Amino acid sequence: MLSLKFIQENKQDVIEKLKIKNFDASQIVESILQKDEERKKTQKEQDDILAHINSVSREIGDLFKSGKADEANQAKEKSTSLKQDVKGLTEKLSQLEIELHDLLVQIPNIPHVSVPAGKGAEDNENIKEGGEMPQLANGAEPHWDLAKKYDIIDFELGVKITGAGFPVYKGKGAKLQRALINFFLDENEKAGFSEIMPPLVVNEASGFGTGQLPDKEGQMYHVGIDNLYLIPTAEVPVTNLYRDVILNAKDFPVKNTAYSACFRREAGSYGKDVRGLNRLHQFDKVEVVALEHPDKSYAMLDAMVKHVEGLVQKLNLPYRILRLCGGDMSFTSALTFDFEVYAAAQKKWLEVSSVSNFESYQANRLKLRFKEEGQKKPQLAHTLNGSALALPRIVAALLENNQTPEGIKIPDCLVDFCGFDMIK
RNA sequence: GGAGAAAUGGCAGAGUGGUCGAAUGCGGUAGUCUUGAAAACUAUUGUACCGCAAGGUACCGGGGGUUCGAAUCCCUCUUUCUCCGCCA
């Protein structure tokens, strides 16, 4: 969430910039400022009374010590009546704090100046294309048919044991998953991201820290009996490692990578674009997460985009990089670049990575701060993350683009990890 | 799952009803000394909110209660440790 102070100091700017995200903040900003005034006033009243009670209590102590019990008992009555006054104020104050917080949480992150206006995916800015488009023979098959033909991914079996969107990978299909995970982790490690293997379930505080809660509650699987959530991405546990942490400025940059299974309910997205591996409830992804000094977070974003581009290039997939428009960006992001690869048989661009700078938006929820050398006040860090990479759509594109009459060719960079160079 | 013990500042650890935001040690920072470093010595060293400031308020695992007053007493939840049981 945005910090209250920032909203107070940049009121008009906040309202203007959020228009890019098609969000009308004028009213909510107004109520926030008003609510905060009321909060301050109430807290001041409360603090004054508490200060009074404290001083009376100290007097009582002294009076008892010096044996003046009568005066002490008089003072006691006074203190009791003050306590009555403070009780109502305390309730009012905590109510105000809850209301203020509920309002703050409703404001999305401010988009970076470079974010184009727009309503949806069609308005994203195509900033770069790379790789070669494969020339497939007539009768090229989409990956769901290839998966069946070579018996490497079984969608029906997944339905039987769990449900739609939970595929079963078999034989070389399973090995290919493992190979991709290892390849990505190794590449990320080489780029300076140190590896984390996080829990796949998180508590409520973590869901809140990265912004999945409260607004995207329906997107996560919830284990009701223990009140835990299955992670939709490793971003959640990894970023939350740094919740309530005050870093030293010289600790930057902090760079982590993590493989995890990801779980998404994808409620409401049935029907379109969900065939085969295009959209799943459970999938594998390797994530990169970075914490950086506010002055350097955009340089880090560029570096991360470059790194992800390198991965896609090594896999020899045709790709494009999009700068997301205001309407297509996530609630929490300030600037996002999406990577899409081309799956030549279904003739579709598939999103395989999303690299974002959240600036201090997540950090404010996480209370992730840092101290500058010689400065007393901690300030909010910047957080960034990106997929490097999400597996299913990479697999979809690999299968489709690399199909030959002899079988499916494995890209060179994966052969050592797989132990085979063709799926036949 | 059963029984018992515990949770205090970056860490270790004192504090069982009043001047305790909290002793002491270690660590960190600044300084003195030194050619430099180490050692020694001196000072300083939590977070948030209100306030121009002085200062005030809150926080001793979380929540609630008793009391004029709670780190300290009571209830409750969570977590950790020890023992027993079960188990990859």
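None of the values given here were measured: they were computed from a predicted structure. Convention: sequence-line order gives letters A, B, ...; per-chain numbering from 1. When reading the values below, keep in mind they use all heavy atoms of this one structure, side chains included, and skip hydrogens, waters and symmetry mates.
Atom name C1', nucleotides B/U78 and B/G69: the rounded distance is 28 Å, in whole Å. To the nearest whole angstrom, the two P atoms, one in B/A6 and one in B/A58, are 29 Å apart. When the P atom is used for both B/G25 and B/U79, the distance is 36 Å, rounded to whole Å. For B/C50 and B/U45, the C1' atoms lie 24 Å apart once the distance is rounded to whole Å. Distance noted for atom C1' between B/C60 and B/A22: 8 Å (whole Å). Rounded to the nearest Å, the gap between the P atom of B/G63 and that of B/U72 is 13 Å. B/C59 and B/A71 are spaced 11 Å apart, taking the C1' atom of each and rounding to whole Å. Distance check on atom P: B/G28 versus B/C11 gives 15 Å, rounded to whole Å.
A/Glu400 and A/Gln346 are linked by a side-chain donor-acceptor pair at a separation below 3.5 angstrom, with hydrogens and angles left out of the test. In the model, A/Tyr319 has a side-chain atom that pairs as donor or acceptor with a side-chain atom of A/Gln313 under 3.5 Å.
Between B/G18 and A/Asn54, no contact under 4.0 Å exists linking OP1 or OP2 to a side-chain N or O. Considering only side-chain N and O atoms, A/Arg369 lies nowhere under 4.0 angstrom from the phosphate OP1 or OP2 of B/U47. Between A/Arg58 and B/C68 there is no side-chain N or O to OP1 or OP2 distance below 4.0 Å.
Under a cutoff of 6.0 Å and an axis angle of 45°, A/Lys172 and A/Phe420 form a cation-pi pair.
Across the interface with RNA chain B, nearest-nucleotide mapping of A/Phe64 and A/Lys83 shows A/Phe64 to be the residue nearer the 5′ end.
In this structure, the nucleotide among B/U47, B/C68, B/C50 sitting nearest to the side chain of A/Pro378 is B/U47. Taking the side chain of A/Lys44 as heavy atoms from C-beta on, and the options B/C68, B/C50, B/U19, the nearest nucleotide is B/C50. Ranking B/G51, B/G56, B/A48 by closeness to the A/Lys377 side chain, first place goes to B/A48. You'll find that the side chain of A/Lys40 is closest to B/G51, out of B/G69, B/A48, B/G51. In the set B/G69, B/A58, B/G56, B/G56 carries the atom at the smallest distance from any side-chain atom of A/Asp47. Candidate nucleotides B/U47, B/G56, B/C50 were compared by shortest atom distance to the side chain of A/Ala51, and B/G56 ranks first.
Atom CD of A/Gln8 and atom P of B/C50 are 8 Å apart (whole Å).
Contact check for A/Arg39 versus A/Leu93: side-chain heavy atoms found under the 4.5 Å cut-off.
A/Ala75 comes within 4.0 angstrom of nothing in the nucleic acid, heavy atoms only. Using a 4.0 Å heavy-atom cutoff across all strands shown, A/Ile60 reaches at least one base atom of the nucleic acid. Backbone-only engagement by A/Lys371 is indicated by non-hydrogen atom pairs under 4.0 Å involving sugar-phosphate atoms exclusively. Among the protein residues, A/Lys367 comes within range of no part of the nucleic acid, since none of its heavy atoms lies under 4.0 Å from any strand.
In this structure, the side chain of A/Asn124 engages the main chain of A/Cys325 through a donor-acceptor pair within 3.5 Å. Remark: side-chain polar atoms of A/Thr239 are not paired, donor with acceptor, to backbone N or O of A/Val236 under 3.5 angstrom.
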